[in-house]
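I am attaching a structure below and will ask some questions about it afterwards.
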Amino acid sequence: MSVRFTFPPRSTRGAVLGFTWSQIGGVVVGLICAMIGVNLIAAGRTWLAAAMFVAAVLLIVLALLRLKGRRITEWLPVVAGALVQRATRQDRYRGAVFAANGGDLLDLPGAAAGYRWLTAVAADGVTQVGLLHHRTERTVTAALACTGHNFVLADPDEQTRRLTDWAQALNILGSEYADSGLVRWSLTTRTVPDTGNRAQRYLATRAVETESVAYRSLAELTATAAPSGQRHDTFLVVVFDIARLSGEIAAAGGTDTAIGVVILERLAGIAATVAEAGVTTHGWLSLRRYAAVLRTAWDPADQEAVDLRGGLAAPTPTADPAAAGKAGGVEPGVEPRLAGPTAVETLGWDTYRHDSGLSRTLWVAQMPRQPVGGTWLTPLYTRATGRRTVTLTAQPVPAALAQLAARRDQVATAGDEVTKRKLRLVRTAREDEEAKAVRQIDREQAAGHVRYRYQLLVTVTTDTPDELDRHTRAAKRVLSRAGCEAVVLYGEQDQAFAAGALPLGRGLKPLRGWSA
């Protein structure tokens with residue numbers, strides 16, 4: 001039996017008959033303007049009545065029309081913010097020697113400018129873990145390097161087992177560790193050129209018979225494919241709330257070292273949980289390894305130089321790091337203070353230029369409406385000819401809030417059914433599917449599953465505008481075939497890049513009230 005997933009349709013929570021309160025308010029105000037216009041015509045004030053009719057039409061159109069996956073009312077703050085940003089020349093940033101940040105702050109643009117590096121030393125006294133502390137948001141972020149096993153070629157029973165193990169890991173992250181300060185996590189997978197030619201190196205080191213026709217044929221094949229070879233870097237990013245851990249941090253001394261000690265206790269458990277789910281882990285990123293990931297995202301042309309220095313390879317443990325550097329040359333990774341960009345700029349409404357790359361981020365606004373198999377996203381990773389980053393960010397919803405949200409959804413669904421029955425309106429198949437999804441979510445929560453808020457972002461990075469347009473269309477085609485509806489985040493590409501291309505666990509709106 002194959003595993004299949006069913007995603008709920010786009011939410012209409014807080015709505016009446018499928019319309020949000022902002023839409024209903026806009027239509028009501030438009031109708032009031034139309035009525036005033038009629039009265040003005042009766043009073044002989046034609047020009048003023050015409051103005052009221054125009055206002056009525058505009059209000060109704062703005063309330064009901066959708067553009068690029070969003071309502072017009074949702075576009076207004078985005079457009080206004082982008083115009084203000086451009087007018088104040090905040091759409092560009094200069095880092096490195098031109099950076100405005102000083103002290104220990106990381107040279108990153110936008111809201112990410114509040115990060116600074118922290119170093120935590122594991123219990124062995126040697127292994128270092130790189131942490132990013134955002135002093136404004138009061139969060140601490142860490143990234144775990146991971147590699148998975150071949151899921152596509154596994155038999156259905158093995159796929160089911162792996163998915164069950166991963167679901168259990170998600171429940172643990174959303175319950176046990178959410179109660180211990182975990183506010184959200186993200187899974188970032190990026191496809192980058194294989195500058196190290198791993199296939200050729202594997203063949204050269206593992207081949208036994210090098211004189212056979214089969215070996216020569218395979219060697220020619222790997223040599224031909226080397227220029228277009230791709231590799232996948234996968235990171236599980238976890239974000240902790242310092243405020244929830246303030247008691248433990250104060251008890252440990254209240255210093256940066258105390259923050260590292262408290263966070264490391266949780267990181268060890270999370271790594272063990274992920275490993276038990278069948279995912280191979282390669283340790284939490286050190287300062288230099290974490291900086292290398294960030295640096296190569298900002299400057300893709302630096303990927304080859306970073307890989308030649310060891311890339312994301314973990315440094316060899318030694319009691320004297322200085323001696324290790326002399327013996328093995330330059331340490332793997334990048335100097336932490338060089339993790340940020342040298343220059344970035346927002347080009348138009350849909351392009352973000354950063355150092356040697358051009359990027360465009362897509363938001364998956366609608367997940368598949370039909371049941372899909374466990375490998376439904378495989379083409380997004382395998383059919384990539386350039387740099388492509390896929391980031392899933394998730395935030396566990398507290399159990400009490402999840403119960404309130406489920407009850408509210410059920411009440412809203414039942415109210416819509418009663419209202420449509422009284423008005424003798426036809427129910428659509430989409431509304432039936434949404435009602436089924438509401439009941440399914442309630443059953444899953446009753447069975448002990450954790451409710452998540454999530455978003456999926458896809459970032460495409462190229463060297464030229466023409467390639468960027470071509471690769472964007474290719475990514476949208478792949479998502480469309482998977483049953484997804486993806487839109488370009490116009491006017492928000494700077495924020496979208498930080499959320500979609502960087503392993504920082506950003507992008508979700510703050511959880512307010514009981515709108516889970």
Side-chain angles (χ1 to χ4, degrees), residues 7 69 108-112 115 132 134 137 139 141-148 166 169-170 173-174 182-192 230-239 270 274 279 285 290 292-298 300 312 339 341 350 352 354 357-367 376-384 386-396 452-462 468 471-472 474-476 478-479 482 484-489 492-509:
F7 295 93
L108 296 179
Y115 284 110
L132 281 172
H134 200 295
E137 300 174 358
T139 59
T141 305
L144 178 67
C146 306
T147 54
W166 180 243
L170 296 186
L173 290 177
L182 180 69
V183 291
R184 61 183 177 273
W185 55 265
S186 70
L187 192 63
T188 299
T189 301
R190 64 179 191 174
T191 303
V192 298
Q230 302 283 323
R231 77 165 190 264
H232 297 87
D233 297 332
T234 303
F235 309 99
L236 176 66
V237 181
V238 291
V239 182
I270 292 176
V274 174
V279 178
L285 298 183
Y290 209 156
V293 177
L294 298 177
R295 181 60 196 161
T296 52
W298 291 112
L312 299 178
D350 61 354
Y352 192 58
H354 48 90
L358 294 171
S359 292
R360 184 173 297 156
T361 301
L362 304 172
W363 167 49
V364 181
Q366 178 67 61
M367 291 294 190
W376 65 283
L377 272 182
T378 299
L380 191 61
Y381 301 100
T382 58
R383 298 177 186 175
R387 297 180 67 94
R388 182 184 294 172
T389 306
V390 183
T391 297
L392 173 68
T393 304
Q395 178 182 5
Y452 276 98
R453 299 169 62 235
Y454 60 88
Q455 73 173 8
L456 184 63
L457 299 176
V458 180
T459 301
V460 177
T461 302
T462 62
L468 184 62
H471 286 287
T472 301
K476 294 186 74 171
V478 171
L479 289 169
C484 300
E485 180 183 347
V487 296
V488 177
L489 288 173
E492 299 178 291
Q493 284 298 311
D494 52 348
Q495 302 175 58
F497 182 87
L502 304 180
L504 299 176
R506 303 184 62 86
L508 278 176
K509 293 182 179 179

Check your understanding: Going from CZ on Phe497 to CG on Leu502, what distance comes out if it is rounded to the nearest 0.5 angstrom?
Key ->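 So the gap between those two atoms works out to 5.0 Å.
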Review point. Among all residues two or more places apart in sequence or in another chain, which pass the side chain to side chain contact (heavy atoms under 4.5 Å, CB included) test with Ala145?
Key: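 Counting only residues at least two positions away or on another chain, Ala145 forms a side chain to side chain contact (heavy atoms under 4.5 Å, CB included) with Phe235, His282, Leu285, Arg289.
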Exercise for review: Using side chain to side chain contact (heavy atoms under 4.5 Å, CB included) as the criterion, list what pairs up with Glu137, not counting sequence neighbours.
Suggested key: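 Counting only residues at least two positions away or on another chain, Glu137 forms a side chain to side chain contact (heavy atoms under 4.5 Å, CB included) with His134, Thr139, Arg184, Arg506.
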Review point. Do you know the tightest heavy-atom contact between Ala297 and Ala501?
Key: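 Reported closest heavy-atom pair: CB-O, 4.1 Å.
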Practice item. Find the distance between CD (Gln395) and OG (Ser186) and round it off to the nearest 0.5 Å. Key: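 Here the interatomic distance stands at 12.5 Å.
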Exercise for review: Just jot down the side chain to side chain contact (heavy atoms under 4.5 Å, CB included) partners of Ala339, sequence neighbours excluded, or say none.
Suggested key: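 Partners of Ala339 under the side chain to side chain contact (heavy atoms under 4.5 Å, CB included) test: Leu106, Trp117, Ala291, Leu294.
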**Study point:** Check: Val390 and Leu456 side chains under 4.5 Å, non-hydrogen atoms
**Key:**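 Yes. Closest side-chain heavy atoms under 4.5 Å.
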Review point. Any side-chain heavy atom of Met367 sitting closer than 4.5 Å to one from Trp376?
Key: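 They are in contact (side-chain heavy atoms under 4.5 Å apart), so the answer is yes.
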Check your understanding: Is a side-chain donor or acceptor of Arg388 paired with a backbone partner of Leu380 at a separation under 3.5 angstrom?
Key ->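 Yes; at least one donor-acceptor contact below 3.5 Å.
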**Study point:** Gap between atom OG1 of Thr188 and atom CG of Asp233 - 0.5 Å precision
**Key:**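 Rounded to the nearest 0.5 Å, the CG-OG1 separation comes out at 11.0 Å.
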Check your understanding: With sequence neighbours excluded, what pairs up with Ala496 under the side chain to side chain contact (heavy atoms under 4.5 Å, CB included) test?
Key ->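 Side chain to side chain contact (heavy atoms under 4.5 Å, CB included) check on Ala496 returns Thr361, Leu489.
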Practice item. In sequence, state the C-alpha distance, the side-chain angles, and the governing distance for Val364 and Glu485, and then conclude on side chain to side chain contact (heavy atoms under 4.5 Å, CB included). Key: CA-CA 6 Å; Val364 181; Glu485 180 183 347; over 6 Å; no
Review point. Does any non-hydrogen side-chain atom of Arg387 lie less than 4.5 Å from one of Val460?
Key: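 No; the side chains remain at least 4.5 Å from each other.
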**Study point:** Minimum-distance pair of heavy atoms, taken over all atoms of Gly507 and Ala499
**Key:**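 Looking at all heavy atoms of both residues, the shortest contact is CA-CB, 3.7 Å.
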Check your understanding: In Å, rounded to the nearest 0.5 Å, how long is the span from OG1 of Thr393 to CG of Leu457?
Key ->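 Here the rounded value is 6.0 Å.
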Review point. Roughly how far, to the nearest 0.5 Å, is the OG1 atom of Thr462 from the CG atom of Leu468?
Key: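 The OG1 atom of Thr462 is 4.0 Å from CG of Leu468, to the nearest 0.5 Å.
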Exercise for review: Apply the test side chain to side chain contact (heavy atoms under 4.5 Å, CB included) to residues Leu236 and Val274: give CA-CA distance (whole Å), side-chain angles for both, the deciding distance (0.1 Å), then the verdict.
Suggested key: CA-CA 9 Å; Leu236 176 66; Val274 174; 3.5 Å; yes
Practice item. Return yes if a side-chain donor-acceptor contact under 3.5 Å exists between Ser359 and Thr461, otherwise no. Key: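 Present: a donor and an acceptor within the cut-off.
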Review point. Going by atom types only, do Arg190 and Thr296 share a side-chain donor-acceptor pair under 3.5 Å?
Key: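 Side-chain D/A pair, Arg190 to Thr296: present.
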**Study point:** 4.5 Å side-chain heavy-atom contact, Pro341 and Leu108
**Key:**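 In short, these two side chains touch, coming nearer than 4.5 Å.
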Practice item. Please tell me if the side chains of Thr391 and Leu187 come closer than 4.5 Å, counting only heavy atoms from C-beta onward. Key: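 Counting from C-beta outward, Thr391 and Leu187 never come under 4.5 Å.
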**Study point:** side-chain hydrogen bond (donor to acceptor under 3.5 Å, both in side chains) against Trp185, all qualifying residues, sequence neighbours excluded
**Key:**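 Only Tyr452 meet the side-chain hydrogen bond (donor to acceptor under 3.5 Å, both in side chains) criterion with Trp185.
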**Study point:** Val237 side chain reached by Leu504 side chain, heavy atoms, under 4.5 Å
**Key:**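 SC-SC contact between Leu504 and Val237 ruled out.
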Check your understanding: Nearest heavy-atom pair of Pro396 and Gly174: which atoms, and what distance?
Key ->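 Minimum heavy-atom contact is CB-CA, 3.6 Å.
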Review point. So, do Thr147 and Thr234 sit near enough that their side-chain heavy atoms are less than 4.5 Å apart?
Key: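 In short, these two side chains do not touch, never coming nearer than 4.5 Å.
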Exercise for review: Would you check, one step at a time, whether the test side chain to side chain contact (heavy atoms under 4.5 Å, CB included) holds for Thr389 with Val458?
Suggested key: CA-CA 6 Å; Thr389 306; Val458 180; over 6 Å; no
**Study point:** His232 side, atom NE2; Thr191 side, atom OG1 - distance, nearest 0.5 Å
**Key:**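 Separation between the atoms: 3.5 Å.
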Exercise for review: List in chain and number order the residues that pass salt bridge (Lys or Arg N to Asp or Glu O under 4.0 Å) with Arg360, two or more places apart in sequence or in another chain; answer none if no residue qualifies.
Suggested key: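 Asp350, Asp469.
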Practice item. For residues Arg295 and Tyr290, determine if any side-chain heavy atom of one lies less than 4.5 Å from a side-chain heavy atom of the other. Key: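 Side chain of Arg295 against side chain of Tyr290, heavy atoms only: no contact under 4.5 Å found.
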